[in-house]
Amino acid sequence: MELAIGIILGCCTLGAGIAMIAGIGPGIGEGNAVAKACEAIGRQPESRSAVTTTMLMGCAVAETTGLYALVIAILLIFVAPARLVDILVSAIGR
Amino acid sequence: MQTKDRRFRAVDVVLLTLTVLPFLAGILIKLFFVPPSTGIDITGAYVFFTLPTPLQPLPITESQVNSWLVVLALLFLSLYMTHGIRAGRKTKRQVIAEWIVEKTEDLVKGNMGDYFLGFAPFVAAIMAISAFSSLLSLLGLFPPTSDLNVVGGWAILVFFLITWYKLKCGPVYYLKSFCEPVAFFAPINIVSELATPVAMSFRHYGNVLSGIVISVLVSAGLSGLSNLLLGWLPGVLGEIPFLRIGLPAVLSVYFDLFSGCLQAFIFAMLTMLYVAGAFSPEEYQKRKDKAAARRARRA
């Protein structure tokens, strides 16, 4: 029983860590967006406010995938272990 | 004249007090009813009590109470801002209020077009409530925006608005919009339609919550490091986590101030873009013309 609970806890935290690999994607994407925005502002300094607003919007939308991963990781750390242990206990019946 | 002036002043003072009072009440509620957290403790909203309702028990949580307090504070703040407003008079308060209204109307007009100008109060309200909710963490209160249920409620509201404006062009047009570019894509379109509120709420809540998690982890890690490195100092000096000075404050400026306001702006911006994108004025005009023609034929 203890072994099973230990495996559940370990796998949950490991899964949370693996889920957060998704953070790479938004990082690269937002970096690209900001780089292009800087280029655009350098070329046309007068369009600074419009470019900044659009860039922030784009960044927010691009960030969504990373935030999905974050939500999954948080669920895995704070919610899943208790629920899975409950299921295990009710299945074994102790 | 004198008594009128004095009465005006008194109403001002009352309104300002009522604006500040909800925040004080929030701090007092937190002090007296919420058990203090110890160390690294990232928990959800504290449940004050549970109301029994016919369907299922309804828990009254910290996030609900805090968002009610924000609503109250915003109500009295806007009453204060518009108190004694008059055309042609230039008090500082009136200039600020006019600036806010003008900026919101410009934003709405620029992003949604003239047809949606009536949306300006809604957009301003959603921006203000979101920003103030996130900024509550500066007072040490639980920010309601770090609870998925609160932000999810706003996102569902926006989803209803989107669907309402899509239906304005007629149910046939609405159903046809799912079959773009071909009917084969209908399931994917339905999923993407349903993903809109999910993505919006996750974006806002995830940003605020990740800020909290990172702040807690950094400050806990720094106090551990401080114990390790400076624990040899004699007496009380060894127990004070000196390394915790500085870095958490910088993180707080980013996560609480900048990110909170930015997420409010982005939520309002996305609301505007989605609602404006759901509605095509040409199609609506066509439908209206058709209805008018039908009515004329019947008459």
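Everything numeric here is computed off the predicted structure, so don't read it as measured data. Basis for what follows: all heavy atoms, side chains included, without hydrogens, waters or symmetry-related copies.
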### Query
Using the ring of each side chain (for Trp, its six-membered ring), is B/F279 parallel, tilted or perpendicular to B/Y115, with breaks at 30° and 60°?
parallel

#### Entry: Test ring pair (Phe, Tyr, Trp, His ring centres under 6.0 Å) applied to A/Y68 - qualifying residues, sequence neighbours left out
B/F202

### Message
Checking an interface table here. Which of residues 52-61 of chain A come within a heavy-atom distance under 4.5 Å of chain B?
### Response
A/T53, A/L56, A/M57, A/A60, A/V61

### Message
Regarding B/S134 and B/T145, do their side chains bring together a donor and an acceptor under 3.5 Å, going by distance alone?
### Response
yes

#### Entry: Distance-only side-chain donor-acceptor flag, B/D256 / B/S137, under 3.5 Å
yes

Measuring only between side-chain heavy atoms, which start at C-beta, is [X] closer than 4.5 Å to [Y]?
X	Y	answer
A/L70	A/L67	yes
B/M127	B/M269	no
B/F142	B/Y46	no

### Query
Where does B/L148 contact chain A at under 4.5 Å (heavy atoms): side chain, backbone, both or neither?
neither

### Task
With a 4.5 angstrom heavy-atom cut-off, could you sort out which part of A/I74 is near chain B: side chain, backbone, both or neither?
side chain

